[in-house]
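Right, one structure below, let's go through it.
To find a chain, count down the sequence lines: A is the first, B the second, and so on, and within it residues start at 1.
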Amino acid sequence: MSGSGGCSIVWFRRDLRVEDNPALAAGVRSGAVIAVFIWAPDEEGPYYPGRVSRWWLKQSLAHLDASLRSLGTSLITKRSTDSILSLAEVVKSTGATHLFFNRLYDPISLVRDHRAKELLTAQSIVVRSFNADLLYDPWEINDAHGRPFTTFSDFWNRCLSMPYDPAAPLLPPKRITSGDVLSCPSDILVFEDESEKGSNALLARAWSPGWSSADKALTTFINGPLLEYSVNRKKADSATTSFLSPHLHFGEVSVRKVFHLIRIKQVLWANEGNTAGEESVNMFLKSIGLREYSRYMSFNHPYSHERPLLGDLKFFPWIVNEGYFKAWRQGRTGYPLVDAGMRELWATGWLHDRIRVVVSSFFVKVLQLPWRWGMKYFWDTLLDADLESDALGWQYISGTLPDGRVFGRIDNPQIEGYKFDPKGEYVRRWLPELARLPTEWIHHPWDTPQSVLQAAGVELGSNYPLPIVGIDAAKVRLQEALSEMWQQEAASRAAIENGTEEGLGDSFESAPFPFLQDIQMEVEHEPVRNNPAAAVRRYEDQMVPSISSLLLRVEDEETSLDLRRSTGNNRPEVPTSINVGPELHREASNQGGLQTIQNNNTLPQLNILELQNAEESTAESSSGGRRERDGRIVPVWSPPSSSYSDQFVGEQNGLGSSSSYLRSHPQSHQLMNWT
DNA sequence: ACCCGGTTTTG
DNA sequence: AAAACCGGG
């Protein structure tokens with residue numbers, strides 16, 4: 001162990017590449033390197049990666065290992081339940097003096113990485129982290145008053161007009177001097193179980209993980225489909241997307257490299273007066289920007305994957321109906337475009353962005369299921385599952401962002417169908433039972449004359465379902481739900497004014513949308529009028545099966561201000577704001593297993609982090625109930641748990657999260673002007 | 001210059 | 001659904 005004294009550990013996470021990897025470069029610069037990957041999925045709580053995501057990770061790690069070997073070292077892999085303890089062990093056994101890693105911005109990583117820094121610094125290890133995941137670190141992008149932006153377009157305009165460019169990509173190291181890898185044996189990591197192997201084998205036909213295929217995908221895209229990106233982006237057929245998202249998720253290609261290469265094209269096309277090309281570049285950069293924004297939001301509002309950023313839907317009576325949920329997952333809603341999307345998702349782990357919008361908006365608006373269920377299902381099934389991006393997407397669809405969609409709007413899958421899939425090819429590919437239906441009827445089989453159906457071999461209600469909910473009925477139901485929501489909201493406000501309400505401990509915090517436990521209890525099992533589906537409405541949209549939570553309180557007043565002030569030359573390494581205090585506030589309220597968690601926080605910025613209680617959730621919550629059906633596309637996926645009532649996370653609807661919104665946008669909870 | 005109505009876009 | 005956009009009149 002000693003000979004190599006002074007070596008550096010490079011901790012790989014979602015930066016599985018050798019090019020433009022600042023942490024690796026720093027390691028190489030300072031001498032011998034030990035490259036480590038630690039697999040500690042328990043730390044992710046309920047967000048244990050889904051089958052396809054794990055499949056990708058496995059391939060990608062193997063690829064990285066091969067590259068590192070060709071450069072002179074290899075990747076050490078560790079199985080762990082505590083990354084930081086494992087890091088400390090690696091440090092000890094290798095005699096390392098430095099730790100380098102690239103930053104992540106999801107809430108779990110923020111806390112974990114900060115802890116790593118504290119712990120190892122205390123052991124006299126030099127710890128440095130780098131930005132490798134974003135064009136700009138979140139704290140670099142602020143408005144004129146030094147406050148974080150709250151809408152995407154402002155954020156993105158600022159990014160595009162920053163006084164300095166994003167860091168230029170680094171070349172890969174020519175050679176790596178290996179630390180003493182023998183002193184630190186790898187664990188074998190198991191990413192798939194027997195039952196998953198068969199389905200995983202199919203993935204390899206369509207995808208090839210690893211940084212070199214990521215590079216290839218990037219060049220192919222830039223030299224080909226990019227030009228038409230703007231025109232083609234409306235087609236449901238995924239042939240015109242970049243296919244970069246899973247590569248980007250695992251950091252196999254650097255987003256800065258993508259940005260720089262795209263910009264080169266942009267300049268080129270601008271000079272040629274190629275306006276279509278320019279437009280495409282802008283559209284594509286925008287989707288890169290959304291990815292940036294998702295990290296930005298996650299950093300500034302670490303609850304965004306769990307809670308609406310705006311409190312405006314706090315009292316919305318979501319429909320808790322497993323039957324709906326199941327029909328959606330299986331692609332049996334009776335709406336061909338939605339169903340085709342859900343079948344494709346299940347079969348391939350992939351979905352065109354447009355179709356993601358269609359199926360998720362259907363989920364939230366027509367079925368009125370709580371968005372976090374849908375998000376969780378995406379997490380479990382998408383090849384490019386990404387917590388920050390998916391949270392942003394679902395919140396956008398649900399209308400809980402200042403610039404999100406208006407909640408009251410229901411998209412009509414039939415109309416969308418003729419827009420995105422005018423010939424019905426997409427539907428026919430994924431719904432073989434409708435393959436013989438003429439285009440005229442393909443997106444609304446329920447209107448189709450019996451004779452036509454018969455000729456096409458379609459028997460509604462038998463081999464293809466009738467619509468699970470009619471669009472008109474859904475509109476009515478949505479309006480009813482909304483007026484119910486307003487009533488609750490008004491009642492709650494009144495209760496506050498009467499001083500009946502306890503409040504949340506924080507005076508200005510609780511103003512617009514107080515937590516109303518009583519009302520929740522009252523209405524819990526009240527069936528909704530005019531609701532033949534016997535759906536039970538609940539006021540918590542925060543329930544995600546099998547998630548139990550601890551609330552960790554975080555002090556971050558000064559530090560978040562620090563972050564905001566810090567500029568170029570002195571970038572904070574790990575956001576020091578994430579200072580997890582030891583005191584846990586967890587107030588279990590007995591009834592029905594509800595847990596209320598109180599936020600004692602009085603600080604202006606969002607400053608609470610919640611960690612998931614790892615033990616109870618992962619196994620069943622992620623992939624547990626899934627079974628593969630050979631040759632059949634219909635998914636079999638059971639929800640993580642059937643006991644919904646005990647997962648309620650108190651202090652809900654992002655009072656914490658939305659506080660900064662409500663303060664900076666006092667109007668935002670009124671954005672939804674229903675009447 | 002300005003208004004109108006249809007169309008497109010909307011993170 | 002609402003706002004921005006566009007091309008006449």
* Would A:Y396 count as stacked on B:dG11 if the rule is ring centres under 5.5 Å and plane angle under 30°? -> yes
* **Whole angstrom value for the distance that separates P of B:dT9 from CE of A:M283** => 9 Å
* To do: Would you classify A:D411 as touching base, sugar-phosphate or nothing, given that sugar-phosphate means primed atoms plus P, OP1 and OP2, and contacts are heavy atoms under 4.0 Å?
  => nothing
* Centre of A:F299's six-membered ring, under 6.0 Å away, within 45 degrees of the axis: is that where NZ or CZ of A:R295 sits? -> no
* Going by distance alone, is a donor N or O of one side chain under 3.5 Å from an acceptor N or O of the other, for A:E252 and A:S60? -> yes
* How many Å lie between CZ on A:R409 and C1' on B:dG11, as a whole number? -> 12 Å
* Nearest-Å distance for atom pair CZ/P, residues A:R354 and B:dT8 -> 14 Å
* Asked: Rounded to the Å, how far apart are A:N282 CG and B:dT9 C1'?
  -> 15 Å
* **Distance in angstrom units between A:E388 CD and B:dG11 C1', rounded** => 16 Å
* To do: Determine the Euclidean distance between corresponding C1' atoms of C:dC6 and B:dG11; express it in Å to zero decimal places.
  => 23 Å
* Checking all strands, does A:G393 fall into the base, sugar-phosphate, or nothing category for heavy-atom contacts under 4.0 angstrom? -> base
* **Distance, rounded to the nearest Å, where A:I397 contributes CD1 and C:dA1 contributes P** => 15 Å
* Asked: So, A:Y324 versus A:Q368: side-chain donor-acceptor pair below 3.5 Å or not?
  -> no
* Asked: Rounded to whole angstroms, how far apart are CD on A:Q395 and P on B:dT10?
  -> 21 Å
* Asked: Can A:D137 and A:Y105 be counted as having a side-chain donor-acceptor contact under 3.5 angstrom?
  -> yes
* To do: Let me know the distance between NZ of A:K286 and C1' of B:dT10, rounded to the nearest Å.
  => 7 Å
